[in-house]
Amino acid sequence: MTERTAHLEIRGMSCANCSQTVAQAIESLDGVSEATVNFATDEGTVEYDPDAVSLADVYDAIEDAGYEPARADVTIGITGMSCANCSQTVESALRDVPGVLSAEANFATDEAHVEYNPADADLADFYDAIEDAGYEPIRGGEGEESGEGGEQSEAERREAAREAEIRRQRRLVLFGAALATPLLFFLVEHFFFPSLLPGSVFGVPMGWVQFLLATPVQVVLGKEFYENSYKALVKNRTANMDVLIALGSSTAYVYSVVALLDVLPQAGLYFDTAALILVFITLGNFLEARSKGQAGEALQKLLEMEADTATLVHEDGTEEEVPVDEVEVGDRMKVRPGEKIPTDGVVVEGESAVDESMVTGESVPVEKAEGDEVVGGTVNENGLLVVEATKVGADTALQQIVQTVKEAQARQPEIQNLADRISAYFVPAVIGNALLWALVWFLAPDLLVGLVRALPLWGLVGGGPAAVGVFEFSVVVFASAVLIACPCALGLATPAATMVGTTIGAQNGVLFKGGDVLERVKDVDVVVFDKTGTLTEGEMSLTDVEPVDAAADGGVAAETADETADLDDESFLLSVAASAEHGSEHPLAEAIVEGAEERGLAVSDPESFENVPGHGVRATVDGAEVLVGNRKLLRDNGIDPEPAAETMERLEHEGKTAMLVARDGVLLGVVATADTVKESAKRTVEALHERDVETVMLTGDNERTARAVADEVGIPRENVHAEVLPEDKADAVEEIQTSGTRAMMVGDGVNDAPALAAAFVGTAIGSGTDVAIEAADVTLMRDDPYDVVKAIRVSEGTLAKVKQNLFWALGYNTAMIPLASLGLLQPVLAAGAMALSSVSVLTNSLLFRRYTPDEDYRLFGR
């Protein structure tokens with residue numbers, strides 16, 4: 001047994017009991033031999049057997065005990081990964097590094113994401129592990145860990161590495177094509193014009209000419225495949241795509257060299273096949289590298305939208321233009337019309353419309369005034385703004401969006417596990433299948449010829465073993481069967497589509513925490529909405545102004561209005577109520593005052609003001625006593641509320657907060673406020689019902705108000721859960737899911753955090769610049785509930801693309817492997833088809849970039 005020692009930094013301990021609790025929690029794990037914890041230094045040491053218990057299990061035990069072990073994470077760019085087996089090899093190498101909690105590699109994005117214990121591991125360890133596995137990490141400087149800045153320079157390093165790889169592959173393709181083109185011509189001449197060329201060129205036999213052309217291709221283009229095969233087989237003890245390519249190409253080349261030296265009498269030459277295999281595969285790698293770059297272009301363009309400079313406004317009024325990297329929290333920046341807002345902040349002066357489409361997907365500019373938040377990289381449209389910086393560097397919304405999407409791309413859907421399992425066993429199975437059929441063709445050629453002679457493709461191989469010899473044909477079958485089955489298209493099917501899907505979501509203000517989340521969203525059966533701030537605006541506003549009927553009170557109210565102001569009953573009523581409430585900071589009072597000001601009514605300050613707890617307010621306005629409140633307030637002051645009883649009941653039935661208004665002992669009428677329903681809420685519920693997705697409302701508000709909102713948006717009354725305390729919302733969600741129902745909880749991401757965590761999919765809505773909400777699986781950047789529908793559409797569209805890709809990849813292998821095994825496919829055609837399959841999968845994924853989630857994804861007709 002080889003034990004490891006982990007050194008931990010543990011936060012939250014305050015006494016010896018804390019350290020003892022942590023130690024006991026760790027030592028309760030099987031495989032832990034000793035745990036020492038010191039609360040004075042906030043440190044711990046653990047001796048454990050990594051074969052019996054993982055470091056991640058130790059971390060879980062500490063967290064379950066109520067404490068927080070220090071952890072860090074980093075995303076490392078990697079070059080050289082070409083298939084799912086490569087990414088699995090990198091993952092295994094990283095997970096073997098002491099201190100690593102988890103590691104995920106994605107060859108489609110050329111990245112690995114590592115979560116680790118910073119006390120026991122660092123970047124140098126990860127770089128070494130990746131290099132030892134046979135791949136090249138893109139080395140960066142400090143600040144590569146998430147949350148420490150440097151993301152822009154890291155993005156630039158990766159982009160430079162990707163461009164360098166594309167240029168390298170292009171050079172190899174051009175070099176190989178220049179030498180292989182004559183060989184292709186010789187191949188065509190051999191099949192269709194067998195007497196066109198002489199037997200020698202300048203006295204050099206044609207066979208040696210082919211050798212001289214094919215050998216540089218084998219050395220230059222084949223070098224990386226041979227090196228990677230060696231690393232895979234010898235160092236990592238696994239077989240990847242490079243092994244298949246090296247086997248197929250070298251088989252054709254070595255066989256041809258042996259034939260050229262007359263070791264095998266009457267054997268044919270396959271130098272053209274050996275060279276063209278490598279050229280086609282390298283061409284496929286070049287197109288694949290270029291496609292990967294195109295798939296990540298949207299995120300790179302998002303980063304490029306950041307401002308380069310900022311105009312700082314100093315305390316003495318002077319201005320200074322500085323690089324945006326030098327802006328600090330608290331700095332004030334002047335943003336002129338047409339300029340980009342340098343970093344996240346809050347408006348302290350000015351008014352303008354700001355184009356936030358690059359963050360939220362909303363095409364209509366948003367009005368901004370003093371006190372409003374703005375996002376770095378968005379464009380100031382028309383007015384002059386002075387913005388105080390609140391977040392800079394890696395903390396800005398733009399950087400967090402990009403980081404969230406990158407992490408999402410590293411976490412693959414469950415469907416990828418199927419492809420990974422297939423790929424893991426695929427290469428050995430392919431080699432075994434190729435050897436089997438080569439042996440069968442060698443031992444029983446006549447039997448197989450009789451079975452396949454009638455097939456139309458038989459003529460393409462020149463008559464089979466009878467024409468080229470049994471041994472030679474067996475070699476051809478082996479090379480073809482090896483080359484046609486490379487699983488790179490299968491490995492690309494899921495990550496390529498997921499990469500595009502998560503980017504589409506980000507462009508439309510929908511952030512998925514991972515590819516696994518992206519897969520789950522489409523499967524929800526019920527969407528549970530929090531009411532306040534989700535379906536409603538979350539702010540009270542004036543909805544009704546109802547004067548009492550003049551006939552009902554003997555015309556006293558009208559008479560009072562005429563004597564006091566030249567206003568109609570409704571305007572007079574609202575003016576009196578707003579003036580009385582002008583001294584209050586209560587949300588209901590603010591709604592009444594704001595409503596009066598929006599109607600252009602004069603609102604005066606009260607001469608005196610008294611808050612009557614639980615009942616309303618008493619104020620003196622223009623020498624008259626004004627009461628605004630409930631029935632008891634008026635009765636206690638000798639005023640009969642009965643003339644307004646019917647109005648009060650009607651408004652309260654609609655879920656509104658109704659308040660009586662009286663002046664100098666005379667009942668004037670009723671004003672009502674409510675948390676208004678968002679414009680898109682009803683459309684959202686209708687769209688979900690059309691998809692057969694059930695809707696539920698979960699709120700702490702009273703039953704009457706909750707049902708009124710539910711009726712307005714279309715949620716069935718029986719699905720309304722009212723007066724639910726915040727701490728009980730998670731239990732309510734779990735109860736909904738008890739029968740296997742998969743629920744999406746949509747809330748504000750703060751008070752609803754436990755419910756978000758309990759749901760099948762937790763969705764935080766309207767989080768603005770706070771995009772990294774731990775409890776949520778999906779974050780909606782806008783306050784629009786209709787983005788829930790968009791999230792489902794993006795999920796469905798992405799998984800549809802994944803399934804299309806898997807169909808093509810698996811269909812290709814299913815159809816082509818039997819053809820190659822039966823001797824119906826030349827090795828050079830097999831290599832070309834294999835390269836084409838990877839390119840077709842990537843192209844299909846890139847076509848998905850044109851999709852917008854304004855309507856359901858359609859396979860055809862877009």
Spacing of [X] atom [atom1] and [Y] atom [atom2] [to the nearest 0.5 Å]:
{"X": "R704", "Y": "E654", "atom1": "CZ", "atom2": "CD", "answer": "11.0 Å"}
{"X": "I341", "Y": "T396", "atom1": "CD1", "atom2": "OG1", "answer": "12.5 Å"}
{"X": "T779", "Y": "D787", "atom1": "OG1", "atom2": "CG", "answer": "12.0 Å"}
{"X": "H615", "Y": "L634", "atom1": "NE2", "atom2": "CG", "answer": "12.0 Å"}
{"X": "K368", "Y": "E373", "atom1": "NZ", "atom2": "CD", "answer": "7.5 Å"}
{"X": "R849", "Y": "Q507", "atom1": "CZ", "atom2": "CD", "answer": "9.0 Å"}

So does [X] pair up with [Y], basic N to acidic O under 4.0 Å?
{"X": "R717", "Y": "D711", "value": "yes"}
{"X": "R631", "Y": "E652", "value": "yes"}
{"X": "E610", "Y": "R618", "value": "yes"}

Considering all heavy atoms of both residues, which atom of [X] and which atom of [Y] are nearest to each other, and what is their separation?
{"X": "K790", "Y": "P853", "value": "CG-O, 3.6 Å"}
{"X": "P69", "Y": "I62", "value": "CD-CG2, 3.8 Å"}
{"X": "H653", "Y": "A708", "value": "O-CB, 4.2 Å"}
{"X": "A580", "Y": "V628", "value": "CB-CG2, 4.1 Å"}
{"X": "V593", "Y": "A578", "value": "CG2-O, 3.6 Å"}
{"X": "V521", "Y": "M744", "value": "CG1-CE, 3.8 Å"}

Would you say the side-chain atoms of [X] pair up with the backbone N or O of [Y], donor to acceptor, closer than 3.5 Å?
{"X": "N508", "Y": "V510", "answer": "no"}
{"X": "D57", "Y": "S54", "answer": "yes"}
{"X": "R520", "Y": "F760", "answer": "yes"}
{"X": "Q737", "Y": "A758", "answer": "yes"}
{"X": "R635", "Y": "P641", "answer": "no"}
{"X": "K678", "Y": "D783", "answer": "yes"}
{"X": "E68", "Y": "G12", "answer": "no"}
{"X": "T343", "Y": "K391", "answer": "yes"}
{"X": "D777", "Y": "K513", "answer": "no"}
{"X": "T536", "Y": "K531", "answer": "yes"}

With a 4.5 Å heavy-atom cut-off, do [X] and [Y] have their side chains touching?
{"X": "R691", "Y": "D856", "value": "yes"}
{"X": "T673", "Y": "M659", "value": "yes"}
{"X": "T763", "Y": "L780", "value": "yes"}
{"X": "T498", "Y": "K801", "value": "no"}
{"X": "F512", "Y": "V778", "value": "yes"}
{"X": "R650", "Y": "T647", "value": "yes"}
{"X": "L518", "Y": "V794", "value": "yes"}
{"X": "D530", "Y": "M745", "value": "yes"}

**Report entry** CA sep, side-chain torsions, deciding dist, call: K682, V677, side-chain contact (heavy atoms from CB on, under 4.5 Å)
**Finding:** CA-CA 9 Å; K682 184 175 182 180; V677 171; over 6 Å; no

Requested in this report: Before giving the answer on side-chain contact (heavy atoms from CB on, under 4.5 Å), spell out for D675 and E537 the whole-Å C-alpha distance, their side-chain angles and the decisive distance to 0.1 Å.
Outcome: CA-CA 6 Å; D675 183 4; E537 295 291 351; 4.0 Å; yes

Report task. Could you please spell out the steps behind the side-chain contact (heavy atoms from CB on, under 4.5 Å) verdict for V713 and F529? Result -> CA-CA 11 Å; V713 300; F529 290 101; over 6 Å; no

Query - Pair R793-V789, side-chain contact (heavy atoms from CB on, under 4.5 Å): steps then yes or no - result: CA-CA 6 Å; R793 286 172 174 167; V789 179; 3.7 Å; yes

Report task. State, without any angle test, whether D525 and T741 hold a side-chain donor-acceptor pair at a distance under 3.5 Å. Result ->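 Their side chains do not contain a donor-acceptor pair, so the 3.5 Å distance test is not met.
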
**Report entry** Over 12 non-hydrogen atoms of neighbours within 6.0 angstrom of CD in E646
**Finding:**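 For E646, atom CD is not crowded (no more than 12 foreign heavy atoms under 6.0 Å).
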
Requested in this report: Answer yes or no: does atom CD of E679 have more than 12 heavy-atom neighbours from other residues, nucleotides or ligands under 6.0 Å?
Outcome: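 At most 12 heavy atoms, drawn from other residues, nucleotides or ligands, come within 6.0 Å of this atom.
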
Query raised in the report: Looking at V696, V709, T695, V527, which hits side chain to side chain contact (heavy atoms under 4.5 Å, CB included) with I715?
Result: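 The passing option is T695.
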
